[in-house]
Amino acid sequence: MDTTLAARNPVGWSLALLGIVLANPPAPEAAAAEERPALAVESSFEGGSGLVQGIDQQKRLIRLVPTPHKDRGWACWWFVHVTGIRPGETIALDVGDGPWATPDRAMVSIDRRTWQHTEPGKGSGGRIEYRRPIDAREAWFAWGPPFLPSDAAELVRAAAARCPAATPFELCRSREGRPVPALRVEEPAGEGSRRLGIWVGARQHAWESGSSWVCRGLVEWLVSGDARAAALRKKALVIVVPIMDVDNAAIGAGGKAQKPHDHNRDWSDNPYFPAVAAAQREIRKLDAAGAFDLYVDLHNPARNDLVPFFFVPHRQAWPDSGWESLQRFLAAARAEITGPLAYAGMLRQTGPAYDRQWQTISDHWIRRNARPQVLTLSLETPWNTPHSTPEGYLRIGRQLGLAIERYFQSPPRENRTGY
Ligand SMILES: [Zn+2]
């Protein structure tokens with residue numbers, strides 16, 4: 001029904017339609033219309049995003065772009081709820097605009113819990129069309145597997161329920177007053193043992209939902225009964241923040257390059273975002289206690305980056321001993337991150353040639369402020385491969401945990417050369 005006409009004539013049109021129905025048996029085309037209810041799209045839920053440009057009810061085709069959010073970063077993330085599907089029919093989704101919003105495969109779910117890739121879409125000129133038979137009356141489509149602030153809260157809650165050493169805490173409230181869930185995993189230190197400290201953060205860029213799934217894989221491994229997870233818990237305090245930019249993750253904005261800058265360009269002496277300020281405060285405490293050894297930041301890279309790699313501060317920022325430790329960590333990563341998203345040794349450096357705001361990237365803040373032997377790196381997990389799924393991300397997260405455990409099998413060297 002044309003809802004505009006119905007709204008203008010709520011009573012008159014209804015009576016008129018009723019009269020037609022009573023007077024005549026349903027025409028064949030009316031019966032067909034009943035079997036093909038109108039497709040509708042909405043995104044007014046946590047993490048939702050999708051500005052509908054048009055729906056062709058005959059072709060069962062939906063055209064959309066990410067919902068624009070002024071000054072809230074790249075418009076690349078989209079996540080919509082489609083209703084009015086006739087079970088078994090194929091739904092077409094034509095999405096724009098540009099390389100960041102158009103992964104080769106979209107994610108689809110009929111229960112909002114289990115996410116699968118569509119077949120590769122067909123596209124040109126910055127748009128892509130995905131087609132997917134849906135055996136349900138409703139479905140959710142998204143740029144990637146969603147991971148929302150409520151998922152972060154559930155992750156830390158479930159981790160604590162599973163492992164007595166794990167304690168959820170609120171890192172802080174965001175600028176918009178949302179809780180920033182975090183997890184502390186710490187077992188009582190053994191007699192005379194030195195306590196190591198590890199910080200893992202994800203989603204300084206809100207659209208990079210895959211990085212939170214990697215984080216989840218790491219957390220679920222860390223609190224599991226795996227012997228190597230237990231060994232790491234015994235020697236290290238691990239703090240995990242599954243989503244740093246909860247505000248943009250909550251409203252479905254991209255976050256990257258938001259105004260005045262994004263979370264991973266906020267690591268100055270005067271941070272704008274409470275999550276960055278709180279992380280700095282906690283990290284300084286650990287470091288001052290001599291209990292901070294590793295910082296890992298989790299990201300998703302550019303669309304053509306199809307293998308995992310690490311970003312680290314440029315060579316000049318490292319003492320020789322730190323650079324040697326990094327090589328040892330990378331060897332551990334090669335040994336453990338074996339695929340299908342395998343780490344084959346790629347390393348990229350950030351510095352003045354990478355970004356004029358390089359000094360306020362978290363890794364550089366760590367290098368400047370923590371003790372010289374502290375290792376700092378960012379794992380970039382590809383989002384545009386057939387393995388960029390919940391399963392693929394969870395697996396690389398678990399493997400990252402194993403790499404960390406392997407790295408700490410020999411104690412980190414103390415620095416001898418200074419920064
Ligand atoms: Zn990022």
Side-chain angles (χ1 to χ4, degrees), residues 47 49 66 69 72-78 98-103 142-149 152 174 180 199-218 240-268 271-273 275-276 279 295-314 341 343 346-351 354-366 376-385 388 392-393 396-397 400:
S49 169
H69 293 279
R72 301 295 285 264
W74 292 357
C76 52
W77 170 258
W78 49 270
W100 298 96
T102 54
W143 175 94
F147 192 98
L148 310 169
S174 68
V180 179
W199 187 282
V200 180
R203 296 288 277 292
Q204 297 210 73
H205 299 137
W207 66 279
E208 298 166 11
S209 68
S211 69
S212 287
W213 283 90
V214 174
C215 184
R216 177 178 156 183
L218 173 74
V240 183
V241 186
I243 301 179
M244 285 288 281
D245 185 359
V246 294
D247 287 341
N248 282 321
I251 67 168
K256 171 84 178 175
Q258 65 181 297
K259 298 282 170 52
H261 50 246
D262 64 50
H263 282 62
N264 204 25
R265 300 295 183 278
D266 193 39
W267 291 66
S268 66
Y272 176 77
F273 295 108
V276 173
Y295 173 86
V296 182
D297 207 26
L298 300 173
H299 291 262
N300 292 130
R303 73 171 295 136
N304 294 328
D305 291 320
L306 301 180
V307 295
F309 67 94
F310 289 97
F311 265 126
V312 296
H314 57 176
L341 294 167
Y343 178 64
M346 190 197 292
L347 186 68
R348 292 187 188 163
Q349 299 182 30
T350 58
Y354 171 71
D355 187 331
R356 73 185 165 79
Q357 292 179 302
W358 62 279
Q359 285 171 310
T360 48
I361 293 173
S362 54
D363 286 317
H364 282 272
W365 184 88
I366 301 286
T376 176
L377 32 78
S378 296
L379 173 62
E380 298 275 357
T381 304
W383 52 267
N384 202 27
T385 79
S388 306
Y393 289 137
I396 192 171
L400 172 64

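Counting convention: from 1, in listed order, for ligands and their atoms alike. As the structure is a computational prediction, the values presented were derived from the model and not from experiment.
Y343 places a side-chain N or O within 3.5 Å of a backbone atom of M346 that can act as its donor or acceptor partner. With W143 contributing its side chain and W100 its backbone, the two residues share a donor-acceptor pair below 3.5 Å.
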Worked check of salt bridge (charged side-chain N to carboxylate O under 4.0 Å, His left out) between D297 and R203: CA-CA 8 Å; D297 207 26; R203 296 288 277 292; over 6 Å; no

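A salt bridge does not link R72 to D247: none of the charged nitrogens lies less than 4.0 Å from a carboxylate oxygen.
Every residue two or more places apart in sequence or in another chain that forms a side chain to side chain contact (heavy atoms under 4.5 Å, CB included) with L347 is listed here: F310, V312, W323, L326, L330.
Note: F273 and H263 have parallel aromatic rings, judged against thresholds of 30 and 60 degrees for the angle between ring planes.
Protein N, O or S atom count below 2.8 Å of the Zn ion (ligand 1): the structure gives 4.
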